[in-house]
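Reading through the structure tokens given below for one structure.
This structure is a prediction, so every number in the text was calculated from the model and none was measured.
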Amino acid sequence: MSFLRRRSSATPIGPDFDVLAMDPSDWPGNLGAGLLPAPDGSCQGVFLRYDLFGGRGPAMIIGNLPEGSPARELGEDQPPFEVAQLLAALGNDEPVQVLETEDTPVMQEDNLLIVKRIVVSEERVSCVQFDRSDGVLVTIASWDRPITEDLYALLKPLPAEMFQQS
């Protein structure tokens, strides 16, 4: 995703980076967004929760974590932050660990993405990660449905106005 760059805003109210996700108007369910604030007020990450199940829980969480975000620091076999958030939102408190990872090259228009597929012990969770050209790590965690390469074509930067406080 070479077109993405850090935003240059003198006083950012939301994240100072583009948030890559599916446009809420393209999603038939409910959307929720969360910001991970640092003690200094900067944004250490954004995650978007897509609910396709009519209020019965999220179907997918897409996270955008910049370099230096504490949510990127994981212990051995610990699942990504987004997997933990997805399972917590679903009320699943069983311990989950990473079983294996596999790097897969994916062509997206003229860009080559190296997508890391993450297999976790909860078989109903699908998870992938990739790094953007601006150093932001994108993680997609999906409940009870596989993540296919078609999904990457739906990802785009969301407008900064979505993350500004009124």
Rounded to the nearest 0.5 Å, what's the gap from [atom1] on [X] to [atom2] on [Y]? Could you check?
X: Leu151; Y: Leu155; atom1: CG; atom2: CG; answer: 5.0 Å
X: Leu65; Y: Phe47; atom1: CG; atom2: CZ; answer: 10.0 Å
X: Ile61; Y: Leu48; atom1: CD1; atom2: CG; answer: 9.5 Å
X: Ile118; Y: Thr101; atom1: CD1; atom2: OG1; answer: 7.0 Å
X: Leu20; Y: Asp18; atom1: CG; atom2: CG; answer: 8.5 Å
X: Leu99; Y: Glu122; atom1: CG; atom2: CD; answer: 10.5 Å

What residue pairs, at least two apart or across chains, pass salt bridge (Lys or Arg N to Asp or Glu O under 4.0 Å) with a residue in residues 70-86?
Arg72-Asp131

[X] with [Y], same ILVMFWY side-chain cluster at under 4.5 Å:
X: Phe130; Y: Met60; value: yes
X: Val106; Y: Val128; value: yes
X: Ile62; Y: Val136; value: yes
X: Val115; Y: Leu154; value: yes
X: Trp143; Y: Val120; value: yes

Check: [Y] main-chain N/O paired with [X] side-chain donor or acceptor under 3.5 Å:
X: Ser69; Y: Gln44; answer: yes
X: Tyr50; Y: Met22; answer: yes
X: Arg49; Y: Ala89; answer: no
X: Ser126; Y: Arg145; answer: yes

On a heavy-atom basis, which atom in [X] and which in [Y] lie closest, and how many Å separate them?
X: Leu86; Y: Ala59; answer: CD1-C, 4.5 Å
X: Ser121; Y: Val96; answer: OG-CA, 3.4 Å
X: Ile147; Y: Ser142; answer: CG1-CB, 3.8 Å
X: Thr139; Y: Cys127; answer: CG2-SG, 3.8 Å
X: Leu112; Y: Pro105; answer: CD1-CB, 3.9 Å

Side chain to side chain, Pro15 and Leu35, heavy atoms closer than 4.5 Å
yes

What residues form a side-chain hydrogen bond (donor to acceptor under 3.5 Å, both in side chains) with Arg117, not counting sequence neighbours?
none

Across all chains, not counting sequence neighbours, the side-chain hydrogen bond (donor to acceptor under 3.5 Å, both in side chains) partners of Asp40 are Ser42

Among Leu87, Asn92, Asp144, Val119, exactly one meets side-chain contact (heavy atoms from CB on, under 4.5 Å) together with Val125. Which residue is that?
Leu87

